[in-house]
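Remarks on the structure that follows.
Computed from heavy atoms alone, side chains included, the values below leave out hydrogens, waters and symmetry copies. Counting starts at 1 for both ligands and their atoms, following the listed order. All residue numbers in this chain count up from 1 along the given sequence.
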Amino acid sequence: MTRHLVDLASVGAEMILEWVSRARVLRDMPRSEREKICAGREVVHLFLEPSTRTRVSFEIAAHRLGARVIDFDTEASSLQKGESLYDTVRTIEAMGTDALVIRHGENHAPNELAKRTRGAVINAGDGTRAHPTQGLLDLLTLLDEFGDLAGRKIAIVGDVKHSRVAGSDLVAFTSAGAEVVLVAPPELRREDVPPGVTFEEELDPLLPTLDAIVMLRIQRERLDAELALDTEAFVARYQLSEARLAMIPAHGIVMHPGPMNRGVEIVDAVADGPRSRILDQVGRGVAVRMAVLEWSLGGAR
Ligand code: CP
């Protein structure tokens with residue numbers, strides 16, 4: 001059976017929690033046992049936007065399950081000669097591959113491919129809409145920290161309008177019972193939020209009430225055409241400085257999906273400090289991507 005993962009909103013809370021639970025099992029499994037799970041399977045990476053964390057951790061996850069990765073070089077491909085994305089994917093599939101991990105700059109591009117292809121499609125981030133495996137790894141990070149999220153309050157701060165991470169995090173966190181607040185100036189708010197998620201414009205009054213804060217970079221590559229954001233004003237109002245971190249209760253943690261723009265949304269001392277879970281998030285990405293690949297590929301061949 002072909003199993004696509006295009007966003008978390010369409011799979012439901014039960015499945016989200018099942019992937020997180022399976023990620024914990026897979027990360028603790030002996031390597032020799034794990035490598036049999038997807039042995040003989042072939043996964044194609046098709047990244048039409050830059051990536052460090054997602055691309056490398058999907059590759060490591062596939063290898064740890066015994067699958068092979070074919071890293072499609074978009075710049076050296078016939079996409080440059082005008083071949084469509086659909087024809088490109090159909091061409092690759094004709095060679096007998098099993099799954100496609102795709103990052104694309106346009107919202108819904110993975111959904112459109114998933115409707116028209118034979119193999120599994122896994123969304124590694126589309127436009128400003130969804131980044132489902134980032135939502136899962138952020139949820140795993142929080143659950144590892146707090147046990148469960150009932151009664152926990154999490155702020156997602158910064159350019160939530162253009163952040164596909166925000167789109168998936170708020171679905172993942174609310175699925176596990178957390179209260180989620182999006183903090184941004186009015187021009188950086190987003191529309192597609194589930195019921196119960198609230199907006200705040202001011203960060204400082206919220207800080208003493210938080211269990212975790214997720215900082216986001218300003219996505220200049222997506223906003224320059226539509227608005228000129230005053231970076232100095234943004235920094236003054238939202239940057240997670242040491243002084244702001246001191247206002248968050250002592251058990252509260254700091255997260256960031258990366259890449260960070262140090263000195264803008266977060267300072268070095270906070271990013272590298274003892275309350276930062278930023279590199280823990282990266283490590284957990286491999287575990288959740290193993291869980292998703294196992295589910296999507298459906299075992300060894
Ligand atoms: N968090 C994230 O998606 O990072 P990359 O763009 O480096 O994959």
Side-chain angles (χ1 to χ4, degrees), residues 5-9 16 19-20 23 43-64 69 71-75 99-110 121-142 144 154 156-173 182 190 212-223 240 253-262 264-266 270-272 276-293:
L5 171 57
V6 292
D7 53 47
L8 295 181
I16 289 170
W19 277 319
V20 168
V43 181
V44 177
H45 280 189
L46 182 51
F47 279 67
L48 291 130
E49 279 197 340
S51 168
T52 296
R53 282 146 284 268
T54 312
R55 184 183 195 128
V56 175
S57 73
F58 259 117
E59 184 153 352
I60 292 171
H63 282 286
R64 288 189 185 167
V69 173
D71 202 2
F72 184 80
D73 182 350
T74 55
E75 292 302 316
L100 179 75
V101 175
I102 180 166
R103 171 166 289 190
H104 200 287
E106 282 174 27
N107 291 358
H108 298 287
V121 174
I122 300 171
N123 183 3
D126 64 319
T128 61
R129 199 183 71 87
H131 191 348
T133 54
Q134 181 75 43
L136 294 174
L137 75 89
D138 288 346
L139 177 58
L140 176 58
T141 303
L142 287 163
D144 281 350
I154 301 155
I156 304 176
V157 182
D159 186 0
V160 294
K161 179 178 183 178
H162 300 101
S163 171
R164 52 196 172 213
V165 174
S168 289
D169 272 0
L170 53 88
V171 176
F173 300 169
L182 300 178
R190 68 184 293 133
I213 186 166
V214 179
M215 299 304 299
L216 301 172
R217 76 181 171 94
I218 300 170
Q219 302 208 7
R220 297 243 165 244
E221 70 275 28
R222 299 192 209 279
L223 67 73
L240 190 57
I253 61 167
V254 175
M255 295 166 60
H256 193 309
M260 290 184 276
N261 289 153
R262 289 170 180 259
V264 182
E265 74 275 8
I266 193 165
V270 174
D272 302 327
S276 169
R277 298 294 179 271
I278 296 168
L279 292 179
D280 301 297
Q281 288 171 261
V282 175
R284 287 177 175 106
V286 175
V288 299
R289 288 172 179 129
M290 283 194 290
V292 167
L293 283 169

Once side chain to side chain donor-acceptor pair (under 3.5 Å) is applied, do any residues pair with [X], and if so which ones, sequence neighbours excluded?
X: R289; value: S57, T133
X: H131; value: T54, R103
X: D169; value: none

### Message
For I253 and L142: C-alpha separation, side-chain torsions, deciding distance, then whether side chain to side chain contact (heavy atoms under 4.5 Å, CB included) applies.
### Response
CA-CA 9 Å; I253 61 167; L142 287 163; 4.1 Å; yes

### Nearest-0.5 Å distance that lies between atom CZ in R129 and atom CZ in R190
9.5 Å

### Task
Kindly compute the distance separating CG (L279) from CZ (R284), expressed to the nearest 0.5 Å.
11.0 Å

Go ahead and list the nitrogen or oxygen contacts between ligand 1 and the protein that come in under 3.5 Å, distances to 0.1 Å, or just say none.
{"unit_1": "ligand 1", "atom_1": "1 (N)", "unit_2": "Q134", "atom_2": "OE1", "d": "3.0"}
{"unit_1": "ligand 1", "atom_1": "1 (N)", "unit_2": "P257", "atom_2": "O", "d": "2.9"}
{"unit_1": "ligand 1", "atom_1": "1 (N)", "unit_2": "G258", "atom_2": "O", "d": "3.2"}
{"unit_1": "ligand 1", "atom_1": "3 (O)", "unit_2": "T54", "atom_2": "OG1", "d": "3.0"}
{"unit_1": "ligand 1", "atom_1": "3 (O)", "unit_2": "R103", "atom_2": "NH2", "d": "3.0"}
{"unit_1": "ligand 1", "atom_1": "3 (O)", "unit_2": "H131", "atom_2": "NE2", "d": "2.9"}
{"unit_1": "ligand 1", "atom_1": "4 (O)", "unit_2": "R53", "atom_2": "NE", "d": "3.0"}
{"unit_1": "ligand 1", "atom_1": "6 (O)", "unit_2": "R103", "atom_2": "NH1", "d": "2.8"}
{"unit_1": "ligand 1", "atom_1": "7 (O)", "unit_2": "T52", "atom_2": "N", "d": "2.8"}
{"unit_1": "ligand 1", "atom_1": "7 (O)", "unit_2": "R53", "atom_2": "N", "d": "3.0"}
{"unit_1": "ligand 1", "atom_1": "7 (O)", "unit_2": "R53", "atom_2": "NE", "d": "3.1"}
{"unit_1": "ligand 1", "atom_1": "7 (O)", "unit_2": "R53", "atom_2": "NH2", "d": "3.1"}
{"unit_1": "ligand 1", "atom_1": "8 (O)", "unit_2": "S51", "atom_2": "OG", "d": "2.6"}
{"unit_1": "ligand 1", "atom_1": "8 (O)", "unit_2": "T54", "atom_2": "N", "d": "2.9"}
{"unit_1": "ligand 1", "atom_1": "8 (O)", "unit_2": "T54", "atom_2": "OG1", "d": "2.6"}
{"unit_1": "ligand 1", "atom_1": "8 (O)", "unit_2": "R103", "atom_2": "NH2", "d": "3.4"}

